[in-house]
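Position 1 is the first residue of the sequence; numbering continues from there.
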Amino acid sequence: MKQCVIWMALICGTVGMAQETYSHWVARAEARLELEEESSQKEALLYYQKAFTQFPDSIAVEDVYEGVILAASLQEKDLAFSYLNQLLGDKKDGNGFPGWRNITHQDAIEECKNLLDDPRWQVVVKAATKQKEQVELALKREEEAFFQTKLQVLYAPENGKEVYEQLKNELVFLPKAQRDYSLSFQLNDSTKTSYFIHLPKNYNPTKSYPLLFFLHGAVRYSSLLDFQTAELNLGGWNRYYTKYADQHDVILVFPRANKQYNWMTSDEGFFMIPTILKRIKSAINIDDDKVFLAGHSNGATGVFSYLMKNATPFAGFYGFNTHPKVFTGGTFVANIKNRNFINFSTDQDYYYPPNANDDFTALMNQIKADYKEVRYAGFPHWFPEFDESEPAYQILFADLMQRKRETFPSSLTWEFDDEANGSMDWLQDIKLDTLAPKANWQSSSNFKITKWLEYGEDDDDTLKEVVVDEDAFDFPRASGKIVAEYKNNVYRIKTSRIKSFALAISPEMIDVKKKVKVYVNDQLYYNSKVTYDGVFTLKNFVKNKDRKRLWINLIPIELK
């Protein structure tokens, strides 16, 4: 499906910015917090209070905790402790929130620093710690059960072809006792978060399944969580992910990020999704060619960032209300040609304006990318909250079910400015030479954004168009680019600002009985047979857990 824009005028007037919903007040609060001013913080706290008061049945844990942070910052201590007690379960109906994880997390010390000298703080922490200990014991047992597998074969690495065949066909997976698991993820020696997995109803360990990550938004205001629940992930805004994943036997995964460790604003957390995927693949049977990413808002921008920076493990990319830009480096849009992207946008979105989406779609048409924008008229940034968003999920899952990763694509293009992102499919370990002159065929694409939508200062929910003058993408560092193709044991590659790279080889790409030739910038760099290396194959499998794409050897190329 090539580039097109589908305009869908679903509901106008009755579903607009003037309609008050829980999400409307939360989104207003988040928009005010973007300004990072005390007056804006006061307004944001007021909007949270309106959300909690008017829609008590919709209250989310993270929003209550954000209320705690704001109240503490503004020295509204009684209000802050009221919200803290609500997190611990102090509600009139007796049904509390699992908010102990916010209170016991190390970030709380800084986020609630104005409350630390109040005697009530230690009472709250003690109660939260007790709840945490009880839950962690049960979680530990469940996690151990989740990662249990059959005893694996001992390989003879000296026989590389046998290692390759065994890894390709080995099944080590066991049945699972439950459908939902909250699993821990260690970010570093002292910091951890979690990810939540929802399995198909009749999960069969002998069958491989598609897997879909959902990346949440508002990463600047989110907290890392030691534990997640089905209620947090499977309902509300995510209800249609759950509905259609269950219909199509798709595994859902919900990782948890924060301001420091995330998929959009910080490279510190960018490793999260590929590493979580590798862990999951060690425990349940995943179809390596059907791993997908979806997200909303900051999460959709994160999905786009993986497409631009580390697309290798993934087959398809989907974003709701996306800001299509890499915030940690250059945005090299031609990288999309290795995969695809479907963007579900709305025309009343403060996060990214319709006119910019128009220009981005035109750019995608120009480079002939597999890109589609589906626009919904009359809806705000929090589009997934509305029942009218269901058709978007039908489009997403229809695409997901028919799409698969091309295991061994015959051509690749890759541009990057950070060697941490210097691999794409069978192009591996690419090193930059940014002091070299740029080839005349290497150029960056960009466009100007001249209009943006912003909320006014009053409560009438009017989006106002403001004049801006900014580039769609930033290019803070020099980049290098490589374009490669192979056919009949011959690789032809051209490079710009590249010092070295390696070609990962599969027997499904070449005839191992014949020599392989590698031409780089029209010069012959390699002309020899490639043999099976069992040690390398094992090591690479441990690194990636990808049974569909097993490499038997590398051809290293050092440019002259």
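In this model, a donor atom of one side chain and an acceptor atom of the other lie less than 3.5 Å apart for Ser23 and Glu385. Donor-acceptor pairing under 3.5 Å is recorded for the side chains of Ser194 and Gln228. Between the side chains of His216 and Asn238, no donor-acceptor pair is found at a separation under 3.5 Å. In summary, the side chains of Ser479 and Glu415 do present a donor paired with an acceptor at a separation below 3.5 Å, with no hydrogens or angles considered. A donor atom on one side chain and an acceptor atom on the other are not found under 3.5 Å apart for Gln260 and Ser266. Under the 3.5 Å distance criterion, with hydrogens and angles disregarded, no donor-acceptor pair is assigned to the side chains of Thr301 and Asn298. Of the N and O atoms on the side chains of Asn102 and Glu62, at least one donor lies less than 3.5 Å from an acceptor on the other residue.
Annotation: Lys168, atom NZ; neighbour count of heavy atoms from other residues, nucleotides and ligands within 6.0 Å is above 12. For Lys404, the NZ atom is loosely surrounded, since the number of other residues' heavy atoms within 6.0 Å does not exceed 12. Enclosure of atom NZ in Lys548 by more than 12 non-hydrogen atoms of other residues, nucleotides or ligands within 6.0 angstrom is indicated.
Between Asn343 and Val374 the shortest side-chain heavy-atom distance does not fall below 4.5 Å. Using a 4.5 Å heavy-atom cutoff, the side chains of Ile482 and Phe501 are in contact. Between Val291 and Ile286 the shortest side-chain heavy-atom distance falls below 4.5 Å.
Distance CG/Asn321 to CH2/Trp382: 10.0 Å, rounded to 0.5 Å. How far CD1 of Ile276 is from OH of Tyr195: 6.5 Å, rounded to the nearest 0.5 Å. To the nearest 0.5 Å, atoms CD1 (Ile251) and CD1 (Ile280) are separated by 8.0 Å. In this structure, the separation between OG1 on Thr206 and CG on Asn285 is 7.5 Å, given to the nearest 0.5 Å.
Salt bridge absent: Asp246 and Lys201 never bring a charged side-chain N and a carboxylate O closer than 4.0 Å. Ion pairing between a basic and an acidic side chain is recognised when a charged N comes within 4.0 Å of a carboxylate O; Arg220 and Glu30 show no such pairing. A salt bridge links Lys309 with Asp267; the closest basic N to acidic carboxylate O contact falls under 4.0 Å.
Side chain of Gln402 to main chain of Asp399: a donor-acceptor pair is present (N/O by atom type, distance under 3.5 Å, no hydrogens or angles). Listed for the Asp349 side chain is no donor-acceptor partner under 3.5 Å among the backbone atoms of Ser345. Counting only distance, with no hydrogens or angles, the side chain of Lys161 and the backbone of Tyr532 share no donor-acceptor pair below 3.5 Å. No donor-acceptor pair under 3.5 Å is formed between the side chain of Lys372 and the backbone N or O of Phe341. For Thr191 (side chain) and Leu187 (main-chain N/O), no donor-acceptor pair under 3.5 Å exists by modelled atom type. Under the 3.5 Å distance criterion, the side-chain polar atoms of Arg549 are matched with a main-chain donor or acceptor of Thr407. A distance-only check finds a donor-acceptor pair linking the side chain of Arg239 to the backbone of Gly236 [under 3.5 Å]. Looking at Asn421, its side chain never comes within 3.5 Å of a backbone N or O of Asn310 through a donor-acceptor pair. Distance alone, capped at 3.5 Å, is enough to place a donor-acceptor pair between the Asn262 side chain and the Asn258 backbone.
Residues Leu396 and Ala294 come closest through the heavy atom pair CD1-CB, 4.3 Å.
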>> Would Tyr203 and Asp249 count as a side-chain hydrogen bond (donor to acceptor under 3.5 Å, both in side chains) here? Give the steps.
In response: CA-CA 8 Å; Tyr203 170 76; Asp249 282 348; over 6 Å; no
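With sequence neighbours left out, the ring pair (Phe, Tyr, Trp, His ring centres under 6.0 Å) criterion links Tyr351 to His323, His381. Listed by chain and number, the residues in a salt bridge (Lys or Arg N to Asp or Glu O under 4.0 Å) with Lys281 are Asp288 (sequence neighbours excluded).
The distance between the ring centers of Tyr486 and Phe408 does not fall below 6.0 angstrom. A distance of 6.0 Å or more separates the ring centres of Phe327 and Trp263.
Of the residues listed (Tyr244, Phe383, Phe320, Tyr318), the one engaging Tyr393 in a ring-ring contact (aromatic ring centres under 6.0 Å, His included) is Phe320, and it is the only one. The ring-ring contact (aromatic ring centres under 6.0 Å, His included) test with Tyr306 is passed by exactly one of Phe271, Phe213, Phe270, Phe292: Phe270.
The cationic group of Lys481 does not satisfy the cation-pi geometry with Phe332, failing either the under 6.0 Å distance to the six-membered ring centre or the 45° limit from the ring axis.
Taking the six-membered ring where tryptophan is involved, the planes of Phe344 and Tyr376 are tilted, since the angle between them lies from 30° to 60°.
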